[in-house]
Visitor: 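For reference, the structure I am asking about is given below.
Nothing here was measured: the structure is a model prediction, and the numbers come from that model. In what follows, chains carry the letters A, B, and so on, assigned in the order in which the sequence lines appear, proteins first and then strands, with residues in each chain numbered from 1.
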2 protein chains.
Amino acid sequence: MTSVRPGRRGRRPGSPDTRAAILAAARERFAEVGYAGTTIRAVAAAAGVDGALVHHYYGSKDDLFLAALELPVDPREVLAEAVVSGDRDDAGERLVRTFLAVWDDPDNQPALIALVRRVLEPGGEPLLRDGFLPVVLVPIGERLGIDRPELRMPLLASQVLGLITLRYLVVVEPLASMDADALVAAYAPVVQRYLTGPLPG
Amino acid sequence: MTSVRPGRRGRRPGSPDTRAAILAAARERFAEVGYAGTTIRAVAAAAGVDGALVHHYYGSKDDLFLAALELPVDPREVLAEAVVSGDRDDAGERLVRTFLAVWDDPDNQPALIALVRRVLEPGGEPLLRDGFLPVVLVPIGERLGIDRPELRMPLLASQVLGLITLRYLVVVEPLASMDADALVAAYAPVVQRYLTGPLPG
DNA sequence: GTCTATAAATCGATAGAC
DNA sequence: GTCTATCGATTTATAGAC
């Protein structure tokens with residue numbers, strides 16, 4: 001897991017990369033029990049170090065959380081590229097498939113789950129309301145050239161968030177165990193409807 | 001709010017119904033900041049009493065939470081009656097409309113929001129996974145006579161939970177401000193699809 | 001770079017006076 | 001029935017030894 005570089009001169013920066021071990025442990029704790037439920041002590045214990053070291057490297061609990069939330073992917077890039085390029089009548093399928101591909105990648109999951117848990121925790125509302133929705137999702141709708149994106153994208157978000165919540169956080173069967181193809185078959189038509197189908201009013 | 005009965009003999013039970021004031025304050029705190037975020041002291045302060053009184057009336061924090069979760073309605077009765085009686089092709093619309101009617105009632109909202117917040121808090125998963133879904137939702141699907149209810153109802157739940165989350169917890173516009181009719185128009189076709197439409201596999 | 005020791009705040013819960 | 005006082009357990013965070 002830790003790449004040792006024997007030819008290195010001078011003092012080693014940290015031992016076998018304690019810093020990264022702390023961050024990984026923090027991500028898993030945040031994903032497992034949320035921000036409020038995570039204690040610095042538990043993170044330190046999971047990383048096999050003392051609690052003071054966590055503060056030493058990452059400052060306050062808030063700072064550690066921000067560091068743990070650093071996503072391996074830029075959702076704007078990945079989603080926009082996959083969804084906007086191609087036929088608009090298949091955008092729903094591409095969006096669901098891309099979402100699942102990112103979420104099913106074990107490298108991404110802890111940070112993503114921690115992020116969604118934070119959104120659903122009291123006080124985390126702005127992350128979705130003022131962040132992901134207007135900054136990532138609505139612009140995608142605009143670039144797709146659909147009408148009323150500020151209504152269509154929240155409708156879409158309500159379905160995608162519900163799926164994410166049940167599959168990855170609450171772990172409801174059979175949703176949690178279905179493969180990506182089956183989920184795409186189930187959800188793509190609904191997402192497509194929100195993108196280009198009829199609207200109320 | 002408090003019915004005074006002047007002819008009553010003997011010592012009055014509590015003052016102007018402190019017990020109910022504590023419960024109402026607890027409901028609002030649990031709905032506002034969740035179970036973990038709620039402190040006995042904050043409940044007591046909101047009710048204008050001392051913290052020890054809360055323990056005196058309701059025992060532990062868990063007991064208080066259970067008392068605060070007591071729903072004014074039995075979801076099984078309300079949902080089953082509204083959804084099962086009538087044409088199966090309109091069941092989606094009746095389900096969405098009934099859900100919204102219950103949720104938009106100010107008397108129900110604090111307890112319902114507190115309940116969903118608990119579901120979305122780490123450790124609350126069994127409430128939905130082993131409670132609401134198999135006890136309330138799947139039986140409704142069975143009584144409707146649809147095929148594969150154990151797949152259809154989780155699909156349906158993912159959409160309804162997403163709507164509930166965005167409208168009442170995260171408060172995302174325009175979902176939060178739309179009236180029930182507009183929401184029914186937007187979501188009933190999707191819910192109906194999950195009930196009686198095509199499935200993957 | 002890593003740890004011990006501890007400060008300072010807050011929590012749930014209890015005992016007991018009035 | 002209501003409150004004061006307080007215990008004991010946890011928490012984040014810091015200071016400083018090694």
Visitor: Please check the phosphate of dG1(C) (OP1 and OP2 only) for any side-chain N or O of Tyr57(A) closer than 4.0 Å.
Guide: no
Visitor: Rounded to whole angstroms, how far apart are OH on Tyr58(A) and P on dT14(D)?
Guide: 17 Å
Visitor: A cation-pi test, strictly: NZ or CZ of Arg152(A) under 6.0 Å from the centre of the six-membered ring of Tyr194(A) and no more than 45 degrees from its axis. Yes or no?
Guide: no
Visitor: Has Glu125(B) got more than 12 heavy atoms of other residues, nucleotides or ligands less than 6.0 Å from its CD?
Guide: yes
Visitor: Does a side-chain heavy-atom distance below 4.5 Å link Leu156(B) with Leu95(B)?
Guide: yes
Visitor: Looking at Tyr35(A), does the NZ or CZ of Arg29(A) lie under 6.0 angstrom from its six-membered ring centre and within 45 degrees of the ring axis?
Guide: no
Visitor: Taking CD in Glu81(B) as the centre, count heavy atoms belonging to other residues, nucleotides or ligands within less than 6.0 Å. Is the count above 12?
Guide: no
Visitor: For Asp17(B) and dG1(D), what is the distance between atoms CG and P respectively, to the nearest whole Å?
Guide: 12 Å
Visitor: Check whether more than 12 heavy atoms from other residues, nucleotides or ligands sit under 6.0 Å from atom CD of Gln109(B), and answer yes or no.
Guide: yes
Visitor: Return the value, rounded to whole Å, for the distance between atom CG of Leu64(A) and atom P of dT11(D).
Guide: 15 Å
Visitor: Can you build the contact string for nucleotides 12-18 of chain C? Use B for base contact, S for sugar-phosphate-only contact, and - for no protein heavy atom under 4.0 Å.
Guide: BBB----
Visitor: Is Thr18(B) near enough to dG1(D) that one of its side-chain N or O atoms lies under 4.0 angstrom from OP1 or OP2?
Guide: no
